[in-house]
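Take a look at the structure set out below.
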Number of protein chains: 2
Amino acid sequence: MARPKQYNPDTALKNGMETFWHKGFDATSMTNLVDATGLKPGSLYGAFGNKRTFYRKTLEAYAEQMVTQLDEVLTQERPALETLEAFYAFFLNFCVDTPQGCFMVNALFDADIDDQEQLTHIQGLFAQMEQRLKTFFEKAVAEKVPLVSQDPDMLAKIVMTHIYGLRGFAKYRPDQLAALPERLLAMLLCMPTEIHCDPPEK
Amino acid sequence: MARPKQYNPDTALKNGMETFWHKGFDATSMTNLVDATGLKPGSLYGAFGNKRTFYRKTLEAYAEQMVTQLDEVLTQERPALETLEAFYAFFLNFCVDTPQGCFMVNALFDADIDDQEQLTHIQGLFAQMEQRLKTFFEKAVAEKVPLVSQDPDMLAKIVMTHIYGLRGFAKYRPDQLAALPERLLAMLLCMPTEIHCDPPEK
DNA sequence: ATTGTTATTGAATGACTGTTCAAATTTTGC
DNA sequence: GCAAAATTTGAACAGTCATTCAATAACAAT
């Protein structure tokens, strides 16, 4: 029918995502995106609209990736306690592997509070993650895992604060991050970790 | 000796701080700062150097304010448990009163990971806060408050993640924030809150 | 008054911003 | 081979960016 695209839209999206992820929206220029994707301005606008909509699309792609990975961890068949351990271990690795932070968390903090549309969009992406956590905790509570709360809703919220909290700490002191996730998990399980670990007195 | 300043440098700093705080570094233009401070470009550069150094100075002023307020909460003479309650209550209020977030936390997430100088600066500001928390927890541990850990260092780190975590959650779901601080505190105290609050069975 | 010093002013700078568009190019269907 | 449709190209647009600076003004000391 017509001339086919010479570029791969998925690759272009991924390259744009990495640029926005690394630098943030404001610090990323269209020139950066032209360089990163290899597309000329006209093609970029044709494929993704303007800078904001391109940003939005990369963020959506990122969120989808994240939810997929979260599902992989949360829906494996195993005791809920093991799943929780796996989740916190996974998240620690993720923080270590991505010193530029989490694209979604960065986007949340970067978002202009006067831009309600953008804010609502990001909140919606996080709400998907919270929903998965809540569903998981419904099972965990039924399994009688000794959690700090019996309310799946509250537990999901607490884990959300752990996500934000660990991402902040990872940027503040990446070298001291390693021990924290297991501690937060222990607190979620209401276990004063040290009591179990103290060497026995002579 | 010479012509005196017509403006108040402290006021100008405060106005600049509010602008950077609200919009972030990149989204703030020199024109914004000229408008906010009332100073003409030449005066602004004369007083605060360039945009980056102005930003840095406003951030330092903010951090000093914060440390002062933190000290007020942490060094009051009272049982450590009450101080902890006061701290989490204070922080909740602070989050509600500042929907634009915490300037320091915003700055941390905004910071370019390739700009080591800026990152080190921000880390130093947070390190001051962590130090105060650690000192407080040394007293609290000595007081035998039933904390999740006996290590003041670890406790301070946990509270730092709570700060980042609550700030993230406050931007994600401001309407759901209210119940969280007390829950995080309960976890720090190793108290499964609901067990105490469940209505007695008939 | 004059001089030295500092502050104020605002126009000007050159670089970079996001975005557009008409021309050129490449394909498919006939 | 021709027409229709879609993509590519990159120059051009008007606007904004951070920053500079020479001219002007206001003070203190002499």
Side-chain angles (χ1 to χ4, degrees), chain A residues 1-60 106-107 110-112 114-115 117-118 121, chain B residues 1-60 106-107 110-112 114-115 117-118 121:
Chain A
M1 281 260 203
R3 182 176 179 179
K5 284 177 166 44
Q6 286 184 253
Y7 59 90
N8 181 339
D10 291 343
T11 310
L13 189 75
K14 207 183 75 179
N15 290 335
M17 179 180 103
E18 243 133 50
T19 307
F20 277 130
W21 184 359
H22 192 91
K23 303 171 70 103
F25 179 80
D26 282 317
T28 298
S29 68
M30 287 307 294
T31 306
N32 293 149
L33 296 169
V34 165
D35 292 347
T37 60
L39 305 201
K40 300 285 187 290
S43 298
L44 255 181
Y45 277 79
F48 302 108
N50 62 18
K51 190 186 171 189
R52 260 256 106 81
T53 62
F54 190 21
Y55 179 74
R56 178 190 263 257
K57 282 172 184 172
T58 61
L59 195 55
E60 274 164 6
N106 293 351
D110 264 19
D112 181 355
D114 297 330
D115 183 348
E117 189 185 326
Q118 202 208 347
H121 180 234
Chain B
M1 279 265 203
R3 182 175 179 178
K5 285 177 171 34
Q6 288 185 248
Y7 59 88
N8 181 340
D10 291 343
T11 309
L13 190 75
K14 208 184 73 178
N15 290 335
M17 180 181 102
E18 244 131 50
T19 307
F20 277 131
W21 184 0
H22 193 91
K23 303 171 70 106
F25 179 81
D26 282 316
T28 299
S29 69
M30 287 308 293
T31 307
N32 293 149
L33 295 169
V34 165
D35 293 346
T37 59
L39 304 201
K40 299 286 186 291
S43 299
L44 255 180
Y45 277 80
F48 304 108
N50 61 19
K51 189 184 172 189
R52 260 258 106 79
T53 62
F54 190 21
Y55 179 73
R56 178 190 263 256
K57 283 171 185 172
T58 60
L59 195 56
E60 274 164 7
N106 293 352
D110 264 19
D112 181 355
D114 297 329
D115 183 346
E117 190 186 326
Q118 202 208 345
H121 180 235

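Chain naming here is simple, since letters A, B, ... match the order of the sequence lines and numbering starts at 1 in each.
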Once you round to the nearest 0.5 Å, how far does CD of A:E18 lie from CG of A:L13? 10.5 Å
Output the residues of residues 34-53 of chain B in contact with DNA chain D, where contact means a heavy atom of the residue under 4.0 Å from an atom of the strand; sort by number or write none. B:P41, B:G42, B:Y45, B:N50, B:K51
To the nearest 0.5 Å, atom OG1 of B:T11 lies from atom CG of B:N8 at 3.5 Å
Parallel, tilted or perpendicular, judged at 30° and 60°: which one describes the rings of A:F20 and A:F25? parallel
Short side-chain N/O contact to D:dC17 OP1/OP2 from B:T31, under 4.0 Å: yes
Selection: residues 5-30 of chain B, any non-hydrogen atom under 4.0 Å of DNA chain D: B:T28, B:S29, B:M30
Under the side-chain contact (heavy atoms from CB on, under 4.5 Å) rule, what do B:L44 and B:V34 come out as? Steps first, then yes or no, please. CA-CA 8 Å; B:L44 255 180; B:V34 165; 3.9 Å; yes
Measure the CG-CZ distance between B:L33 and B:F48 for me, rounded to the nearest 0.5 Å. 10.0 Å
When only distance counts, do a donor and an acceptor, one from the side chain of A:R3 and one from the base of C:dT25, lie under 3.5 Å apart? yes
Can you tell me how far CD of B:E60 sits from OH of B:Y55, rounded to the nearest 0.5 angstrom? 11.5 Å
If we only count heavy atoms from C-beta on, is the A:Y45 to A:M30 side-chain gap below 4.5 Å? yes
NZ on B:K14 to OG1 on B:T19, rounded to 0.5 Å: 11.5 Å
